[in-house]
A.B. asks: 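Can you read through this structure? Questions will come right after.
Hydrogens, waters and symmetry mates are skipped; everything else that's a heavy atom, side chains included, is used.
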Amino acid sequence: MPLTVFNTLSGRKELFEPVTPGKIGMYVCGVTVYDECHLGHARCYVSFDVIRRYFEYAGFAVHHVQNFTDVDDKIINRAGEAGIPPFDLARKYEQRYFEVFERLNVRRAHVYPRATEEIDGMIRMITTLIERGHAYAADGDVYFSTKTFKDYGKLSKRPEESLLAGARVEVSDKKRDPLDFALWKKAKTGEPSWPSPWGEGRPGWHIECSVMSQKYVGDTLDVHGGGQDLIFPHHENEIAQSEAATGKPFVKYFLHNGFVTVDGEKMSKSLGNFQTLEELYAQVAPDVLRFLIVSAHYRTPLTFTAKKLDDAAAGLARFREGFRHLEELFAFPVSNDAVSPESLDAIRLGSVKSKFENAMNDDFNTAEAIGVLFHALTEVNRLHGAASRSGKAPAGVTEILRPLKSWLGTALNDILGISPAAQALSTDETSRVEELLAGREKARKEKKFSDADRIRDELAAMGYQLQDTPQGPRAVRKR
RNA sequence: GGCGGCGUACCCAAGCGGCCCAAGGGAGCGGUCUGCAAAACCGCGACUCACCGGUUCAAAUCCGGUCGCCGCCUCCA
């Protein structure tokens, strides 16, 4: 199956073919830096991280750009409350963004443009739009005239009448039409502003993405991503601005991720119904969150509950257990026992890989792809269990497992962004754990089972689960 | 009111016309292993895909209707 993506523009899955063969320019809308990030942001950026990683795995050269909106009402208000300059507040949360997403193993974009550093480009694009009759200045503001752009509404599929019927559009005497939106806002006293042909002011929200995507990616983006809430008005307005200014198609494929909801409501900064990622990291390892996110398809709604964290942690542990068993199988001497053809097929690289890629090619279906991997690992576990009991691995198995192991490491690490191995431990902790394990073995040999069990409880309190194997005891980190 | 999405086992979640009398994960139960556990493995677990009609040789998948939930239409990933 060739790579297919769900394009919001058409409302269906389409064959993916970038404008220039082999190269992909992608622009993902970034955060407005006025507060901490939460699981909703994590879902968005992890999803697009996986998409980017899969593009790269598939052999495309990807140029990934993600902006920071660092001038906006909320930043100004928060900064006012905190008594610090808006610029400082914005930089603080920008830094926090990087810290929090680094731990989620999200790859950095190639460029992170900031709105405040691209004002000149915005003024140029606004000027062009005025010259072309798509925008007009009104008392220090500049508005885009949606009536002059015939395709307005093509992304969100809203007929003009219904947009008007909403009556929730911002009212302003300066607008010629209620649907027109601000490209440039006249400065208010005490707020950041820049000089422009229309007087001191600051840019509207949408213009930054049109300008920065054009500058850092090009007139036509192969992929433009963001949360579903950006479809209207943000992306609709970007299309209007960019296509009216360049006369070229703005985006070939619009991809939007689904929401995280909590208690039946969308998780959002403005509703305040969220835990920050930092707070979640205190409860559960970041890679568990990442596993939770990729366990569902990126477009379906994701309801957040505490139980899902537990389920994801258990699933990830099973995953890693399976991978460990895969590695251990190479240590066994080979026997003459034969293995059934079905068994061999379940662990044959060609078979696993093609199923995995088919799933990913179907609009990045990570949920199904993970199912494929679990299926293969169950067979690995079965072989491992048999080998563990008999002390030997069946003939021919390691030859088949070697390419699977090497590819699986790649698939997990490079595509899903999840390490197949558990986190490395500090040497101090490792030696303490080994000490406890040795103490327990000694107690067991002497049949002092209550002492042995006490040590097991101690390990459990440290977050380790004890496993006795024919090859000796092990402690597996569970938290 | 307009636009969009969702409803699959106890929970989560794939499947979107025949390979499905429906993947995979979690939880549970029974068994193997174990000093006991844990991990792993084996077995059990939806005769059915919100409900009602229809199209088709064939529907969880398409069409119409009903119910329920969510999102967007205002800042929002």
A.B. asks: Between the side chains of A/H38 and A/T276, does any donor sit under 3.5 Å from an acceptor?
C.D. replies: no
A.B. asks: Name the closest nucleotide to the A/K74 side chain, picking from B/G25, B/C75, B/C36.
C.D. replies: B/C75
A.B. asks: Which part of the nucleic acid does A/V28 contact within heavy-atom distance under 4.0 Å: base, sugar-phosphate only, or nothing?
C.D. replies: nothing
A.B. asks: Can you tell me, in whole Å, how much space there is between the P of B/G17 and that of B/C6?
C.D. replies: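 That atom pair is separated by 14 Å.
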A.B. asks: For B/G7 and B/A13, measure between their P atoms and round to the nearest Å.
C.D. replies: 9 Å
A.B. asks: Find the distance A/D468:CG to B/U34:P and express it as a whole number of Å.
C.D. replies: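 Spelled out: CG on A/D468 to P on B/U34 is 11 Å.
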A.B. asks: If you go through the side-chain atoms of A/R444, does one of them form a donor-acceptor pair with the base of B/G35 closer than 3.5 Å?
C.D. replies: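 Looking at the base of B/G35, it does pair with a donor or acceptor on the side chain of A/R444 (distance under 3.5 Å).
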A.B. asks: Apply ring-ring contact (aromatic ring centres under 6.0 Å, His included) to A/F87 and list each qualifying residue two or more places apart in sequence or on a separate chain.
C.D. replies: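 Testing A/F87 for ring-ring contact (aromatic ring centres under 6.0 Å, His included), a comparison that skips the adjacent residues, returns none.
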A.B. asks: Taking the C1' atom in each of B/C63 and B/A46, what is the distance between them to the nearest angstrom?
C.D. replies: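 B/C63 and B/A46 have their C1' atoms separated by 26 Å.
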A.B. asks: Looking just at side-chain N and O atoms, do A/N257 and A/Q228 make a donor-acceptor pair shorter than 3.5 Å?
C.D. replies: no
A.B. asks: Which residue pairs pass the salt bridge (charged side-chain N to carboxylate O under 4.0 Å, His left out) test with at least one member in residues 25-39 of chain A, sequence neighbours excluded?
C.D. replies: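 Qualifying pairs, neighbours excluded: A/D35-A/R78, A/E36-A/R96.
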A.B. asks: Rounding to an integer number of Å, can you tell me how far A/K13 NZ sits from B/G15 C1'?
C.D. replies: 10 Å
A.B. asks: Quantified in whole Å, what is the C1' atom distance between nucleotide B/C44 and nucleotide B/G2?
C.D. replies: 50 Å
A.B. asks: Return the residues of residues 362-370 of chain A meeting this criterion: a heavy atom under 4.0 Å from some atom of RNA chain B. Order them by number, or give none.
C.D. replies: A/N365, A/A367, A/E368
A.B. asks: Just how far, in rounded Å, is P of B/A77 from NE2 of A/H41?
C.D. replies: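 Going from A/H41 (NE2) to B/A77 (P), I get 4 Å.
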A.B. asks: Report the residues that fulfil salt bridge (charged side-chain N to carboxylate O under 4.0 Å, His left out) with A/R444, sequence neighbours left out, ordered by chain and then residue number.
C.D. replies: A/E441, A/D468
A.B. asks: Could you state the atom-to-atom distance from CD of A/E321 to P of B/G24 in whole Å?
C.D. replies: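 Distance, rounded to whole Å: 19 Å.
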A.B. asks: Measure all distances between protein nitrogen or oxygen atoms and nitrogen or oxygen atoms of nucleotides 8-12 of chain B, and list the pairs falling under 3.5 Å.
C.D. replies:
| unit_1 | atom_1 | unit_2 | atom_2 | d |
| --- | --- | --- | --- | --- |
| B/C12 | O3' | A/K308 | NZ | 3.1 |

A.B. asks: Give A/T378 one of three labels, base, sugar-phosphate or nothing, depending on what nucleic acid heavy atoms sit under 4.0 Å from its own.
C.D. replies: sugar-phosphate
A.B. asks: Atom CD of A/Q467 and atom C1' of B/C41: how far apart are they, to the nearest Å?
C.D. replies: 14 Å
A.B. asks: In whole angstrom, give me the gap between the C1' atoms of B/U66 and B/G24.
C.D. replies: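 Going atom to atom, C1' in each nucleotide, I get 33 Å.
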A.B. asks: The side chain of A/Y45 is closest to which nucleotide in this list: B/G35, B/A77, B/C75?
C.D. replies: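 The answer is B/A77, which lies nearest to the side chain.
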A.B. asks: Between B/U34 atom C1' and A/K447 atom NZ, what is the distance in whole Å?
C.D. replies: 12 Å
A.B. asks: Which residue, A/D363, A/T366, A/N365, forms the side chain to side chain donor-acceptor pair (under 3.5 Å) with A/Y298?
C.D. replies: A/D363
A.B. asks: Rounding to an integer number of angstrom, what distance separates B/C47 and B/G71 when you compare their C1' atoms?
C.D. replies: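 The same atom, C1', in both gives a distance of 36 Å.
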A.B. asks: Using the P atom on both, measure B/A60 against B/C20 and round to a whole Å.
C.D. replies: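 That atom pair is separated by 13 Å.
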A.B. asks: Taking only residues two or more places apart in sequence or in another chain, which ones pass ring-ring contact (aromatic ring centres under 6.0 Å, His included) with A/F323?
C.D. replies: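 Listed in chain order: nothing, the list is empty.
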A.B. asks: For A/R324, enumerate each residue passing the salt bridge (charged side-chain N to carboxylate O under 4.0 Å, His left out) test, keeping only those at least two apart in sequence or located in another chain.
C.D. replies: A/E321, A/E328
A.B. asks: Quick one: which residue pairs count as a salt bridge (charged side-chain N to carboxylate O under 4.0 Å, His left out) with a foot in residues 228-241 of chain A, not counting sequence neighbours?
C.D. replies: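 Listed by first then second residue: A/D229-A/K266.
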A.B. asks: Going by the rule ring-ring contact (aromatic ring centres under 6.0 Å, His included), which residues pair with A/H384 if we only count those two or more places apart in sequence or in a different chain?
C.D. replies: A/H325
A.B. asks: Measure from NE2 on A/H256 to C1' on B/C6 and round the result to the nearest Å.
C.D. replies: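 Those two atoms, NE2 and C1', are 18 Å apart.
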A.B. asks: Counting the atoms with a prime plus P, OP1 and OP2 as sugar-phosphate, which does A/H234 contact under 4.0 Å by heavy atoms, base, sugar-phosphate, or nothing?
C.D. replies: nothing
A.B. asks: Taking 4.0 Å as the cut-off, does a side-chain nitrogen or oxygen of A/R318 come that near to OP1 or OP2 on B/C41?
C.D. replies: yes
A.B. asks: Determine whether a donor-acceptor pair (one donor, one acceptor, N or O, separation below 3.5 Å) exists between the side chain of A/R456 and the base of B/C36.
C.D. replies: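 When only heavy-atom distances are counted, A/R456 does reach the base of B/C36 through a donor-acceptor pair under 3.5 Å.
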A.B. asks: How is A/L230 classified with respect to the nucleic acid when contacts are heavy atoms under 4.0 Å: base, sugar-phosphate, or nothing?
C.D. replies: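 Contact class for A/L230: sugar-phosphate only.
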A.B. asks: Assert yes or no for the condition that the ring centre distance of A/F68 to A/Y112 is strictly below 6.0 Å.
C.D. replies: yes
A.B. asks: Protein-nucleotides 68-71 of chain B N/O pairs closer than 3.5 Å?
C.D. replies:
| unit_1 | atom_1 | unit_2 | atom_2 | d |
| --- | --- | --- | --- | --- |
| B/C70 | O3' | A/G264 | O | 3.4 |
| B/G71 | OP1 | A/K266 | N | 3.1 |

A.B. asks: Measure distances between side-chain N and O atoms of A/R440 and base N and O atoms of B/G35, and say whether any donor-acceptor pair falls under 3.5 Å.
C.D. replies: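 Under the 3.5 Å cut-off, the side chain and the base do form a donor-acceptor pair.
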A.B. asks: Under 4.0 angstrom, heavy atoms only, what part of the nucleic acid is A/G258 near: base, sugar-phosphate, or nothing?
C.D. replies: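 Result for A/G258 = base.
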A.B. asks: For B/G65 and B/A58, measure between their P atoms and round to the nearest Å.
C.D. replies: 23 Å
A.B. asks: Please compare A/D72 and A/G11 by the position of their nearest nucleotide in RNA chain B and report the one closer to 5'.
C.D. replies: A/G11
A.B. asks: By a 5.5 angstrom centroid cut-off and a 30 degree plane limit, is there stacking between A/F449 and B/G35?
C.D. replies: yes
A.B. asks: On RNA chain B, does the nearest nucleotide to A/G40 precede the nearest nucleotide to A/H375 from the 5' side, or the other way round? Give the residue.
C.D. replies: A/H375
A.B. asks: For the residue pair A/H206 and A/F181, categorise the inter-ring angle as parallel (less than 30°), tilted (30 to 60°) or perpendicular (more than 60°).
C.D. replies: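 Rings of A/H206 and A/F181: perpendicular, over 60°.
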A.B. asks: Among B/G24, B/C73, B/A77, which nucleotide sits nearest the side chain of A/F232?
C.D. replies: B/C73
A.B. asks: Would you say the side-chain atoms of A/D70 pair up with the backbone N or O of A/T116, donor to acceptor, closer than 3.5 Å?
C.D. replies: yes
A.B. asks: Less than 6.0 Å separating the ring centroids of A/F254 and A/F6?
C.D. replies: no
A.B. asks: For A/R43 and B/A77, is the shortest distance between a side-chain N/O and OP1 or OP2 below 4.0 Å?
C.D. replies: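 Result: no.
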A.B. asks: Under 3.5 Å, side chain of A/Q95 to main-chain N/O of A/K92, donor-acceptor pair present?
C.D. replies: no
A.B. asks: Map every base of RNA chain B to its dot-bracket character, where paired means a Watson-Crick or G-U wobble contact with both distances under 3.5 Å and | marks a partner outside the strand.
C.D. replies: ((((((((.[[[..)..(.....]]].(((((.......))))).....[[[[[..)....]]]]])))))))....
A.B. asks: Does a side chain donor of either A/Y143 or A/D177 reach within less than 3.5 Å of an acceptor in the other side chain?
C.D. replies: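 No - no donor-acceptor pair under 3.5 Å links their side chains.
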A.B. asks: Can you tell me which residue pairs pass the salt bridge (charged side-chain N to carboxylate O under 4.0 Å, His left out) test with a partner in residues 2-14 of chain A, sequence neighbours excluded?
C.D. replies: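 As it turns out, the salt bridge (charged side-chain N to carboxylate O under 4.0 Å, His left out) pairs with a partner in residues 2-14 of chain A, which skip direct neighbours, are A/K13-A/D362.
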A.B. asks: Tell me: NZ of A/K355 to P of B/C19, nearest whole Å?
C.D. replies: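 Nearest whole value for this atom pair: 16 Å.
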A.B. asks: Report yes if at least one side-chain N or O of A/T300 is closer than 4.0 Å to OP1 or OP2 of B/A14; otherwise report no.
C.D. replies: yes
